[in-house]
Protein chains: 2
Amino acid sequence: MSSTPSSATPTPAFQRIKDYVQGEIEAGTWGEGDAIPPELRLAAQFGVSRMTVNRALNELEAEQVLVRRKGAGTFVAPQRYQATVVEIRSIAEEIRARGHRHRSALFRLERQRATRMLATQFGVAERSMLFHSVILHYENDAPIQVEDRWVNPALAPGYMEIDFGAVTPNEHLMRVAPLQRAEYQIEAQLPTAEVAEMLAIGEAEPALVLRRRTFSRDAVASLVVLWHPGKRYRFGGALG
Amino acid sequence: MSSTPSSATPTPAFQRIKDYVQGEIEAGTWGEGDAIPPELRLAAQFGVSRMTVNRALNELEAEQVLVRRKGAGTFVAPQRYQATVVEIRSIAEEIRARGHRHRSALFRLERQRATRMLATQFGVAERSMLFHSVILHYENDAPIQVEDRWVNPALAPGYMEIDFGAVTPNEHLMRVAPLQRAEYQIEAQLPTAEVAEMLAIGEAEPALVLRRRTFSRDAVASLVVLWHPGKRYRFGGALG
DNA sequence: TAGTGGTCTAGACCACAGC
DNA sequence: CTGTGGTCTAGACCACTAT
């Protein structure tokens with residue numbers, strides 16, 4: 001990965017040092033929690049200045065390979081947090097990436113007063129006005145996702161005037177209410193009668209449900225429930 | 001976050017520059033794709049050397065806030081990839097984090113020859129030997145996860161001798177076969193009769209299923225299917 | 001007190017982009 | 001060609017840790 005014989009830029013010194021350190025860790029020479037040689041020693045070993053070593057080790061710390069403690073030393077980081085990270089892209093983007101055709105149908109678009117549960121979720125007063133939309137997304141004419149969304153009018157006042165055929169709610173919200181934070185839950189549920197009909201599945205067929213609450217400017221911008229047919233849809237991702 | 005009046009170390013210059021750049025971006029002064037001032041200009045503006053500015057901007061590039069092009073300039077990075085990232089922790093860790101009690105029961109531990117499908121998944125010859133374990137995890141005595149796992153003996157030869165009461169398969173595998181890469185899928189399915197019985201749910205109740213394939217030393221180390229009762233379990237996470 | 005990392009400088013030479 | 005970022009140096013002073 002770092003040896004093109006001619007014409008290419010030679011591997012930078014800081015990169016060679018990073019490779020060396022990672023190699024020793026992978027080979028097991030330096031185990032979890034062990035101290036690695038101090039900057040000055042590595043600088044002498046590689047014939048570079050301390051700043052160059054400093055950069056290499058700082059980058060490895062940012063990559064969670066090392067832990068550095070001022071005055072104490074540099075140590076091999078503890079085992080990586082064993083988390084499974086699943087990426088879920090916007091449905092339209094995902095479908096187009098598969099080379100398929102995406103279209104959507106707007107089933108409902110209305111102003112509604114917040115129930116107690118919605119008010120709690122949004123952090124607004126009960127009976128506050130909220131926007132509500134229900135959209136069915138198709139992949140090559142097969143229904144693939146029901147998007148049941150509630151929107152905070154304070155953050156997206158123009159929501160009711162979007163051309164939902166051209167812009168997905170997600171795209172509009174990303175533009176008017178920059179994403180600050182989000183919370184997600186994934187569940188397996190039986191669909192409601194209405195959802196089952198929209199997705200053209202049986203009421204006894206499991207649905208894969210994603211609930212997401214997005215925050216913007218320190219307020220809840222949107223609450224969305226995405227329903228997918230369990231038989232035809234899955235979330236997937238890769239890590240590493 | 002960076003103003004403790006006395007005794008504390010003053011905010012480093014590179015950090016002040018990072019804050020300034022992020023502030024201008026958040027304020028909208030510099031929009032997506034715009035060029036920001038070159039290093040020398042910022043160095044003069046802040047009265048620091050170019051190396052200090054260089055560090056600040058390099059870190060912002062690593063954080064995907066900026067994009068830098070040699071010879072061309074430094075630009076505000078395009079809108080963040082709109083992905084939903086869901087973290088799924090090891091079940092034992094997750095249960096303990098909730099302050100609940102975790103225990104597990106080993107239902108099956110055997111050597112099995114790879115079926116064609118397993119052989120394909122593992123990238124080994126059909127009828128190669130694989131380890132197979134089935135473990136039921138409990139949260140406060142309620143069954144919460146069925147862990148159906150296949151393991152590559154080449155990468156974890158000691159798998160059959162683990163004390164599964166003390167070490168989870170995950171912990172063992174992390175130790176002997178350092179995680180290189182992983183692939184995941186999340187599905188909503190009806191459980192098999194056996195799984196339904198283990199989880200003490202009805203066969204018509206949806207299950208939330210996570211399939212994961214982990215790689216180590218350029219080979220498939222393990223293939224696991226995790227079944228959860230849809231009613232009592234969900235994956236969740238936060239982003240931002 | 002000695003050793004370590006945190007930060008910074010004032011230069012330098014290079015490769016590359018755009019005119 | 002000029003301006004940009006990429007990399008590097010040989011020092012420096014500081015704060016912190018460990019002994």
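Numbers restart at 1 for each chain; the letters A, B, ... are given by sequence-line order, proteins then strands.
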For [X] and [N], what is the distance between atoms [atom1] and [atom2] respectively, to the nearest whole Å?
| X | N | atom1 | atom2 | value |
| --- | --- | --- | --- | --- |
| A:Leu42 | D:dT9 | CG | P | 13 Å |
| B:Met51 | C:dT7 | CE | C1' | 11 Å |
| B:Arg16 | C:dT7 | CZ | C1' | 12 Å |
| B:Phe75 | C:dA17 | CZ | P | 12 Å |

Any donor-acceptor N or O pair under 3.5 Å, side chains [X], [Y]:
| X | Y | answer |
| --- | --- | --- |
| B:Ser222 | B:Arg149 | yes |
| B:His132 | B:Asp148 | yes |
| B:Arg68 | B:Thr74 | yes |
| A:Tyr233 | A:Glu139 | no |

(request) For nucleotides 1-6 of chain D, just jot down a letter per nucleotide in 5' to 3' order: B, S or -, based on protein non-hydrogen atoms under 4.0 Å. (result) --BBBB
Which pairs would a plain distance check flag for residues 155-167 of chain B, meaning a side-chain donor or acceptor within less than 3.5 Å of a matching protein atom at least two apart in sequence or in another chain?
{"unit_1": "B:Tyr159", "atom_1": "OH", "unit_2": "B:Ser133", "atom_2": "OG", "d": "2.8"}
{"unit_1": "B:Asp163", "atom_1": "OD1", "unit_2": "B:Gly165", "atom_2": "N", "d": "3.0"}

(request) Using the test side-chain contact (heavy atoms from CB on, under 4.5 Å), find all partners of A:Thr52 that sit at least two apart in sequence or belong to another chain. (result)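 A:Thr52 satisfies side-chain contact (heavy atoms from CB on, under 4.5 Å) with A:Ala13, A:Phe14, A:Ile17, A:Val48, A:Ser49 once adjacent residues are dropped.
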(message) Any side-chain N or O of A:Ser49 below 4.0 angstrom from OP1/OP2 of D:dG11?
(response)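 False: A:Ser49 side-chain N/O out of range (4.0 Å or more) of D:dG11 OP1/OP2.
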